[in-house]
Every structure is written in structure tokens, then in C-alpha cells.
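Input: a single structure, listed below in C-alpha cells.
Values in this document were obtained by computation on a predicted structure and should not be read as measured data. Note that the numbering runs from 1 along the sequence shown for the chain.
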Amino acid sequence: MDKIDKALNQLIFKEKERIRNVIKALQLGRFNNLDIKKLKGFRDIFRVRKGELRIVYQLLGKNIIILKIDRRKEDTYKF
């Protein structure tokens with residue numbers, strides 16, 4: 001089981017639905033309603049904030065790679 005599956009299994013149903021909706025929006029290129037910020041020190045890594053949940057992803061061309069899904073805490077942005 002990879003890190004993303006493990007993180008999703010720890011979330012409640014409502015949170016999983018929010019995450020699914022955010023990922024679908026990212027895949028479809030609907031960035032305007034999302035709270036997205038570029039992470040400092042990285043050229044192509046961003047985070048989406050949805051409540052206290054954070055989705056950290058990397059853009060490689062048109063591909064989106066989910067790096068981490070986590071609640072906001074001190075080590076959220078450490079890889």
C-alpha cells in the first residue's frame with residue numbers, strides 16, 4: 001500500500017469526497033475555484049488547501065502527480 005492510499009484510508013467519508021472532487025478538478029484543469037499555492041523552493045510543486053486538508057502535487061507537463069495528502073501540521077510539506 002502506498003502513502004496516498006494509506007492517507008486516504010485514514011480520512012472520513014466526507015473528507016474522501018472532498019479530496020476526490022479536488023483531484024477531478026485538477027485533472028480537468030479547473031483551477032479557478034481551488035486554493036492553490038506554489039511551494040517555496042520548488043519550481044513545479046504546488047499545494048491545494050481544502051479545509052484542514054492539504055494535497056501536495058507536482059506538475060510534469062500535463063501530468064499531475066499527487067505527492068502527499070495530509071492534514072495541516074508541521075511536517076506536511078516535508079518530503
Side-chain angles (χ1 to χ4, degrees):
M1 180 180 284
D2 68 346
K3 293 187 300 185
I4 302 301
D5 288 334
K6 200 174 198 181
L8 287 172
N9 285 334
Q10 295 175 354
L11 301 176
I12 62 173
F13 181 76
K14 280 185 174 182
E15 292 172 331
K16 287 179 187 178
E17 285 299 311
R18 287 184 203 151
I19 296 295
R20 268 190 214 111
N21 292 335
V22 168
I23 291 173
K24 283 181 188 177
L26 288 172
Q27 290 174 336
L28 295 173
R30 297 180 187 159
F31 302 110
N32 56 348
N33 291 333
L34 300 175
D35 184 4
I36 298 176
K37 284 193 179 179
K38 183 176 163 283
L39 295 184
K40 292 180 183 178
F42 298 99
R43 192 167 25 131
D44 57 354
I45 298 181
F46 301 84
R47 72 98 173 118
V48 178
R49 181 177 69 139
K50 192 67 174 179
E52 69 175 40
L53 294 171
R54 303 297 189 266
I55 302 168
V56 179
Y57 69 95
Q58 183 174 17
L59 280 178
L60 294 174
K62 292 186 178 184
N63 296 326
I64 296 172
I65 299 171
I66 306 294
L67 300 175
K68 194 171 191 179
I69 298 173
D70 204 356
R71 286 184 168 75
R72 175 64 176 111
K73 52 189 175 187
E74 285 190 32
D75 67 339
T76 300
Y77 301 113
K78 294 181 182 175
F79 305 107

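Residues near Phe13 contribute nothing to a hydrophobic cluster around it, because no ILVMFWY side-chain heavy atom sits closer than 4.5 Å to its side chain. Applying the under-4.5 Å side-chain rule to Ile, Leu, Val, Met, Phe, Trp and Tyr, the cluster around Ile12 consists of that residue alone.
Following chains of ILVMFWY side-chain contacts shorter than 4.5 Å, one cannot reach Leu67 starting from Leu11, and the two form parts of different hydrophobic clusters. Hydrophobic clustering, with ILVMFWY side chains joined whenever heavy atoms are under 4.5 angstrom apart, groups Leu8 together with Ile55.
Put simply, the residue from Val48, Ile4, Asp5 that forms a side-chain contact (heavy atoms from CB on, under 4.5 Å) with Ile69 is Ile4. The only option from Ile45, Ile66, Asn63, Asp44 that meets the side-chain contact (heavy atoms from CB on, under 4.5 Å) definition with Tyr57 turns out to be Ile66.
Between atom CD of residue Glu15 and atom CG of residue Leu53 there is a gap of 5.0 Å, rounded to the nearest 0.5 Å. Between the NZ atom of Lys68 and the CD atom of Gln58 there is a distance of 14.5 Å, given to the nearest 0.5 Å.
Within the 4.5 Å cutoff, side-chain heavy atoms of Ile64 are placed close to those of Leu59. By the 4.5 Å heavy-atom criterion applied to side chains, Arg72 and Arg47 are not counted as neighbours.
Residues meeting the side-chain hydrogen bond (donor to acceptor under 3.5 Å, both in side chains) test with Gln10, sequence neighbours left out: none.
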Donor-acceptor pairs under 3.5 angstrom involving side-chain atoms of residues 19-36: please list them, not counting sequence neighbours.
residue, atom, partner, partner atom, Å
Arg20, NH1, Glu17, OE2, 2.5
Asn21, ND2, Glu17, O, 3.3
Asp35, OD2, Arg49, NE, 2.6
Asp35, OD2, Arg49, NH2, 2.8

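Of the possible donor and acceptor atoms, one in the side chain of Lys38 sits under 3.5 Å from a partner among the backbone N and O of Phe42.
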